[in-house]
Amino acid sequence: MYAYLIVEIGGAKLFIDNSKVTPEVMAHLKDAGVQLRPYEAILSEIESLAAQGAQIWFDTSSVNTAIVNTYRSACDKYLQKVVRKNKNGASEQINGRTAGPTGVYRVSPISMTKAVKNKAELEGMQNSHLRDAAALSQFWAWLEEEISKNVVLTEVDVADKLLEFREKQYGFMDTSFDTISGSGANGAIIHYKPEPESCSVVDAENLFLLDSGAQYIDGTTDITRTVHFGEPTSRQKECFTRVLQGHIALDQAVFPENTPGFVLDAFARSSLWKVGLDYRHGTGHGVGAALNVHEGPQSISFRFGNMTPLQKGMVVSNEPGYYEDHSFGIRIENLAFVKEVNTPNRYGGIGYLGFEKLTYVPIQSKLIDLTLLSTTEINWLNEYHSQVWAKVY
Ligand SMILES: [Mn+2]
């Protein structure tokens, strides 16, 4: 739903269309000290707060112009009431005040606090990722088997079956977003959603991209794997390998505290850029709990000039890709969290940070052109797969 929220000392007011709130939710909000108000009452509430001289902190990442304009003109009226000019043109106090409220315009401090996960939240993320990995391993084994038997499966059939495997895992609540199940050319459509009447078949002739996630009671997953059940072309292998190199480079990045995510974006693109390739989406987003698979304020993207520093405890996705229009799509996505790294130096007297993986699901080695990989990259992949083997059962 769309809503406005005003948080005050001792309570909060939620401005929302009443028909969207079930009696159960209403009771819960009441217990939490949240009062409900009609959605359209927000502006009159802002006016009345300004008339009382209230200072309001507006979250600049989401506040709209109507609210700010309403507040500012109400503040002007308030000032006219409490301050008048004397004969010499100087302001004269009334009721001991010379200045009214002006508002605070900054990103909400709540979003940063929420983005930095505590120990229990991180443990929940780790545990739920291992259960999700078990479901995915069963799913991929099933799919490979079916395709080898020439069973005809559509993109929707495959997404439905994946849901069945996930539903068997402890704490499963729902998918964390609509599954992107794209075979061949459909894989090149970044936010593709297959429909039963029109979707393609998943077969041994095409690359298959599957971006999916689950909401568990203790964590949220978001993972993309791209596979080929037949013989990939050398073009597909080269592109896949360059995407993998970007994924590895970001996963292995070590960077000083206070580094904004966009600085790391180029790490994930470098191998593609070398041959004049790129992808038209960000490299990573924050991940939160329950229906919040895309959570700010941090991101790993060159877009929007996001200066939010990556901080210890933040969860982010690492998802470089490559899309050849009308042909195929590739994306390799894991989630990771930001942790402190022990470096031999601490230049500038500050700490250095890196990533700890959350996702443990195999990456298809058939799609790799080994001649492009360095020994370090090969070791990364072998080490990753041995961790998958050890952790997921
Ligand atoms: Mn994602």
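In listed order, ligands and their atoms are each counted from 1.
Arg72 forms a cation-pi arrangement with Tyr105, by the criterion of a distance under 6.0 Å to the ring centre and an angle within 45° of the ring axis. Relative to the six-membered ring of Tyr323, Arg280 misses at least one condition, a distance below 6.0 Å or an angle of at most 45° to the axis.
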- Could you please spell out the steps behind the ring-ring contact (aromatic ring centres under 6.0 Å, His included) verdict for Phe255 and Phe267? CA-CA 11 Å; Phe255 48 94; Phe267 286 48; 8.1 Å; no
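The distance from the Mn ion (ligand 1) to the nearest N/O/S atom of Asp222 is under 2.8 Å.
Restricting Glu319 to its N/O/S atoms, the shortest distance to the Mn ion (ligand 1) is reached by OE2. Residue-level check: among N/O/S atoms of His285, NE2 sits closest to the Mn ion (ligand 1). Considering just the N/O/S atoms of Glu333, the one nearest the Mn ion (ligand 1) carries the name OE2.
A side-chain donor-acceptor contact under 3.5 Å links Asp222 and His285.
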